[in-house]
Number of protein chains: 2
Amino acid sequence: MAIVRRSQKRDAILRLMRSTKCHPSADWIYQQLKEQYPNLSLGTVYRNLNQLSEQHIIRRVGVIQGQERFDAVTYPHAHFVCNRCGTVMDLPDCAPSEQAIQSLGKQYGFMVEGHEFNLRGLCQDCKHHITLEESAS
Amino acid sequence: MAIVRRSQKRDAILRLMRSTKCHPSADWIYQQLKEQYPNLSLGTVYRNLNQLSEQHIIRRVGVIQGQERFDAVTYPHAHFVCNRCGTVMDLPDCAPSEQAIQSLGKQYGFMVEGHEFNLRGLCQDCKHHITLEESAS
DNA sequence: CTCAATAATAAGAACGGTTTCTATTTAGGA
DNA sequence: TCCTAAATAGAAACCGTTCTTATTATTGAG
């Protein structure tokens with residue numbers, strides 16, 4: 001692996017990610033930071049997100065509505081994903097035990113490096129919207 | 001929802017999906033079926049996969065190495081995904097209980113429609129390849 | 001069986017998120 | 001300060017997926 005130098009942009013990306021609970025996409029980060037760094041490039045955001053997740057400093061949540069989402073919280077926890085608005089929320093008390101996962105890996109001969117545990121459905125707001133739409137038809 | 005008519009292509013897609021354990025991508029299905037249906041269109045595969053998953057006849061596994069993967073097995077079960085070769089395998093005895101999921105939904109006010117539970121890592125083959133590559137450097 | 005309505009399709013263009021390319025700037029050790 | 005290579009901006013390329021349009025296939029009604 002190549003040497004990693006510090007950079008202002010990467011520091012800012014990581015600081016922003018650690019200050020929000022919204023599980024951002026690359027573009028969301030780009031929109032937020034280009035006020036402070038007007039010449040920021042979207043490619044820079046992607047390159048740094050990829051680098052940070054290779055170093056396990058951040059985590060990939062998965063592709064939601066066509067965009068990869070990231071999470072600066074790296075300890076094991078599950079997510080709820082709203083299929084209508086794309087919101088991602090933490091389910092902190094819902095992580096599979098590391099022990100169970102590793103013993104599954106051993107059983108099948110896999111090297112388990114991580115996991116995604118996402119519940120899918122409708123959040124409270126969207127549940128209400130859907131109900132209104134249906135009663136209108 | 002619009003009326004659904006039967007079609008030869010959709011029947012063939014579903015038959016193929018039910019005959020394999022490989023959790024195919026749209027393109028894999030397209031490559032397989034275009035021998036028998038030379039004028040099959042990739043758009044047709046996508047349209048039918050989307051329709052079948054809206055009807056809950058098949059399931060989305062998630063985006064793996066840039067491609068959405070699908071599963072004709074719809075009862076709850078987990079997957080192992082190899083980060084190197086992209087293989088997806090079923091972990092049949094590793095499904096979160098429906099009861100636990102629904103009670104979580106109730107607790108937060110979500111309507112839970114489904115879930116993804118994917119372990120990630122290296123499969124047996126790729127584990128060996130990585131070991132060889134490292135010992136070569 | 002024939003016909004009409006419309007769902008499904010083929011072919012290819014368009015779309016959009018992500019990666020890659022190249023010249024330039026920046027970080028950081030000597 | 002100077003040198004080397006990592007990091008960046010800007011833009012082009014990439015590629016999986018969706019959309020468009022003219023045509024074909026399905027299915028119910030008469």
Side-chain angles (χ1 to χ4, degrees), chain A residues 1-17 22-55 57-71 81 83 86 88, chain B residues 1-17 22-55 57-71 81 83 86 88:
Chain A
M1 209 184 327
I3 289 168
V4 175
R5 284 185 190 163
R6 205 144 170 220
S7 86
Q8 291 200 346
K9 307 289 168 63
R10 182 160 55 245
D11 286 353
I13 289 169
L14 191 53
R15 217 179 309 123
L16 176 60
M17 288 208 54
C22 80
H23 307 81
S25 65
D27 193 64
W28 186 91
I29 293 170
Y30 174 66
Q31 299 299 336
Q32 299 289 313
L33 289 182
K34 83 175 172 188
E35 290 172 24
Q36 189 179 353
Y37 302 93
N39 69 346
L40 177 67
S41 174
L42 186 53
T44 296
V45 177
Y46 275 105
R47 186 167 22 74
N48 281 299
L49 289 172
N50 286 336
Q51 188 187 98
L52 288 167
S53 64
E54 269 168 34
Q55 299 172 227
I57 295 169
I58 64 173
R59 230 176 98 178
R60 287 172 195 278
V61 175
V63 177
I64 292 160
Q65 294 177 345
Q67 299 191 159
E68 182 81 36
R69 302 279 284 268
F70 297 86
D71 192 347
V81 179
N83 285 330
V88 179
Chain B
M1 214 185 324
I3 289 167
V4 174
R5 283 184 192 162
R6 198 132 176 234
S7 87
Q8 292 199 345
K9 308 288 167 67
R10 182 160 54 245
D11 286 354
I13 289 169
L14 191 53
R15 218 180 309 121
L16 176 59
M17 288 208 55
C22 80
H23 307 80
S25 65
D27 192 64
W28 186 92
I29 294 170
Y30 173 66
Q31 299 298 335
Q32 299 290 314
L33 290 182
K34 83 175 173 189
E35 289 172 25
Q36 187 177 355
Y37 303 94
N39 68 346
L40 177 67
S41 175
L42 185 54
T44 296
V45 178
Y46 275 105
R47 188 169 19 76
N48 280 300
L49 290 173
N50 287 336
Q51 190 187 97
L52 289 167
S53 63
E54 269 167 35
Q55 298 171 229
I57 295 169
I58 64 173
R59 230 177 100 178
R60 287 172 196 278
V61 176
V63 176
I64 291 161
Q65 295 179 344
Q67 299 192 162
E68 182 80 36
R69 303 280 284 268
F70 297 87
D71 192 348
V81 180
N83 285 330
V88 178

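In what follows, chains carry the letters A, B, and so on, assigned in the order in which the sequence lines appear, proteins first and then strands, with residues in each chain numbered from 1. None of the values given here were measured: they were computed from a predicted structure.
Closest of all the heavy-atom pairs between Ile29(A) and Pro24(A) is CG1-CB, 3.9 Å.
Nearest-nucleotide positions on DNA chain D for Glu68(B) and Leu42(A) put Leu42(A) closer to the 5' end. With DNA chain D read from its 5' end, the first of the two nearest nucleotides for Gln8(B) and Tyr46(B) is the one closest to Tyr46(B).
Following rounding to the nearest Å, Gln67(A) (CD) and dT18(D) (P) show an atom-to-atom distance of 14 Å. Here the P atom of nucleotide dA11(C) and the OH atom of Tyr30(B) are 8 Å apart, to the nearest Å. Atom pair Ile3(A):CD1 and dT26(C):C1' shows a separation of 15 Å (rounding to whole Å applied). Distance, Lys34(B) NZ to dA11(C) P: 11 Å, rounded to whole Å. Distance, Asn50(A) CG to dA7(D) C1': 14 Å, rounded to whole Å. Between the CD atom of Gln31(A) and the P atom of dG17(C) there is a distance of 11 Å, given to the nearest Å. Going from atom CD1 of Ile64(A) over to atom C1' of dG17(C) covers 14 Å, rounded to whole Å. Atom pair Leu52(A):CG and dA7(D):P shows a separation of 11 Å (rounding to whole Å applied).
Nucleic acid contact for Asn48(B): sugar-phosphate only, since backbone atoms but no base atoms lie under 4.0 Å from a heavy atom of the residue. When heavy atoms are screened at a 4.0 angstrom cut-off, Asp27(A) is found touching no nucleic acid atom at all. At the heavy-atom level, Arg6(B) lies under 4.0 Å from the strands shown only through sugar-phosphate atoms. Nucleic acid contact for Gln65(B): none, since no nucleic acid atom lies under 4.0 Å from a heavy atom of the residue.
Not one side-chain nitrogen or oxygen of Lys9(A) sits closer than 4.0 Å to the OP1 or OP2 atom of dT26(C). At least one side-chain nitrogen or oxygen of Gln51(A) sits closer than 4.0 Å to the OP1 or OP2 atom of dA7(D). Between Arg47(B) and dT18(D), a side-chain N or O to OP1/OP2 separation shorter than 4.0 Å is absent. Residue Ser41(B) places none of its side-chain N or O atoms closer than 4.0 Å to OP1 or OP2 of dT9(C). The side chain of Asn39(A) places no N or O atom within less than 4.0 Å of a non-bridging phosphate oxygen (OP1 or OP2) of dT8(D).
Annotation: side chain of Met17(A) is not in contact with side chain of Leu52(A) (no heavy-atom distance under 4.5 Å). Side-chain contact between Asn39(A) and Lys9(A) is present, with heavy atoms from C-beta onward closer than 4.5 Å.
Side-chain atoms of Arg10(B) never come within 3.5 Å of backbone atoms of Arg47(B) as a donor-acceptor pair (strictly under, hydrogens ignored). Under the 3.5 Å distance criterion, the side-chain polar atoms of Arg69(B) are matched with a main-chain donor or acceptor of Gly86(B).
Distances from the side chain of Val4(B) to the nucleotides dG16(D), dA8(C), dG10(D) place dA8(C) closest. Taking the side chain of Ala26(B) as heavy atoms from C-beta on, and the options dT9(C), dA6(D), dT17(D), the nearest nucleotide is dT17(D).
Arg5(A) contributes a side-chain N or O that forms a donor-acceptor pair with the base of dA5(D) under 3.5 Å. Taking only distance into account, the side chain of Ser7(B) never meets the base of dA25(D) through a donor-acceptor pair shorter than 3.5 Å.
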Walk me through it: do Arg60(A) and Phe70(A) pass the test side-chain contact (heavy atoms from CB on, under 4.5 Å)? CA-CA 5 Å; Arg60(A) 287 172 195 278; Phe70(A) 297 86; 3.9 Å; yes
